[in-house]
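Counting convention: from 1, in listed order, for ligands and their atoms alike.
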Amino acid sequence: MIKKCLFPAAGYGTRFLPATKAMPKEMLPVVNKPLIQYGVEEALDAGLTEISIVTGRGKRALEDHFDISYELENQIKGTDKEKYLVGIRKLLDNCSFSYTRQTEMKGLGHAILTGRPLIGDEPFAVVLADDLCVNLEGDGVLTQMVKLYKQFRCSIVAIQEVDPQETNKYGVIAGEMIRDDIYRVHSMVEKPKPEDAPSNLAIIGRYILTPDIFDLIEQTEPGKGGEIQITDALMKQAQNGCVMAYKFKGKRFDCGGAEGYIDATNFCFENFYKTGKAY
Ligand code: G1P
């Protein structure tokens with residue numbers, strides 16, 4: 001079964017400068033918790049306990065976050081502030097964390113390939129932490145996808161319908177609908193202009209990938225923006241075998257930009273922080 005979850009986290013976070021100049025964008029807090037912690041919690045909920053993070057220069061705060069701070073723990077021991085660390089403690093007690101560094105920024109496909117030594121030859125999940133996904137009604141998005149993987153045994157991308165004018169921000173799929181929320185992917189384009197988009201079904205930052213994707217990425221030439229795109233490698237996988245696209249249940253906030261980040265903050269404040277579920 002799937003145990004590993006890869007977090008590509010080497011990007012510069014340019015859409016959030018200057019906040020991200022000296023701080024990793026994955027550490028931006030949504031109310032009281034950094035973005036990446038929401039992602040790791042979602043992974044653990046789905047039973048993924050081996051967390052692999054592709055980092056880069058200036059990202060050491062990520063490693064420190066997923067570690068015990070003895071001084072701090074000592075300081076708050078026995079006080080009512082101990083509750084603030086219950087959530088992160090749960091992650092530390094139940095997950096392992098491994099890191100590798102991406103030394104050059106050559107795109108998401110390249111970042112995922114950089115994680116290969118941490119993943120090996122098994123299926124794995126990928127979380128882009130700046131897409132914050134929540135489902136108040138039931139299973140988290142990765143849990144939903146892991147369940148589907150058990151059924152289909154092939155790569156799965158999470159999708160949502162977007163405004164047709166916004167296709168140029170996403171990988172976009174087209175395929176055959178085999179259930180009202182599942183498509184077998186026929187084609188996939190990275191960030192097409194609205195007039196070239198095969199649909200308005202956009203890939204968001206949750207993937208389950210079978211390990212043959214690594215060789216396919218290796219064979220993938222730079223695409224959109226001169227970067228090695230996971231979308232192009234997945235397209236080859238879809239042509240040779242099978243890739244599914246899944247319209248997930250829940251909400252997704254694009255926290256890589258101000259508007260989505262503020263929406264996520266308001267949502268988490270109302271639904272988690274005020275209700276005492278935020279730690
Ligand atoms: C990446 C992928 C894109 C996907 C998006 C989801 O783009 O390349 O296919 O739709 O993540 O967030 P980025 O947002 O990193 O430019």
Show me which atoms of ligand 1 lie under 4.0 Å from any heavy atom of Asp131. 6 (C), 12 (O)
Looking only at protein heavy atoms, which one is nearest to atom 7 (O) of ligand 1, and what is the separation? Lys191 NZ, 3.2 Å
Ignoring angles and geometry beyond distance, decide whether Lys169 reaches within less than 3.5 Å of ligand 1 through its nitrogen or oxygen atoms. no
If you measure every N or O of Tyr170 against every N or O of ligand 1, does any of those distances drop under 3.5 Å? no
Does a salt bridge link Glu137 with Lys249, judged by any charged N lying under 4.0 Å from a carboxylate O? no
Determine whether Phe124 and Phe214 satisfy the following criterion, ring pair (Phe, Tyr, Trp, His ring centres under 6.0 Å), listing intermediate values before the conclusion. CA-CA 11 Å; Phe124 60 104; Phe214 291 126; 5.2 Å; yes
Evaluate the criterion salt bridge (Lys or Arg N to Asp or Glu O under 4.0 Å) for residue pair Glu41 and Lys90; output intermediate values, then yes/no. CA-CA 9 Å; Glu41 286 173 353; Lys90 182 177 168 200; over 6 Å; no
Neighbour count above 12 (heavy atom, 6.0 Å) for Phe16 CZ: yes
Salt bridge check, Asp121 against Arg116: does any charged N sit closer than 4.0 Å to a carboxylate O? no
Can you tell me which portion of Asp130 lies within the under-4.0 Å heavy-atom range of ligand 1? Options are side chain, backbone, both, or neither. neither
Any N or O of Gly171 that comes nearer than 3.5 Å to an N or O of ligand 1? yes
For the 3.5 Å polar cut-off, considering only N or O atoms, please tell me whether Glu190 and ligand 1 meet it. yes
Residue portion contacting ligand 1 (non-hydrogen atoms closer than 4.0 Å) for Leu128: side chain
I need the atoms of ligand 1 closer than 4.0 Å to a non-hydrogen atom of Gln229, numbered in the order shown. 8 (O)
Those atoms of ligand 1 less than 4.0 Å from some heavy atom in Thr231: 9 (O)
Compare Val126, Ile203, Leu234, Asp232 and give the one whose heavy atom is closest to atom 5 (C) of ligand 1. Ile203
Verdict with reasoning, Glu63 to Arg60, per salt bridge (Lys or Arg N to Asp or Glu O under 4.0 Å): CA-CA 5 Å; Glu63 291 174 54; Arg60 280 192 203 153; over 6 Å; no
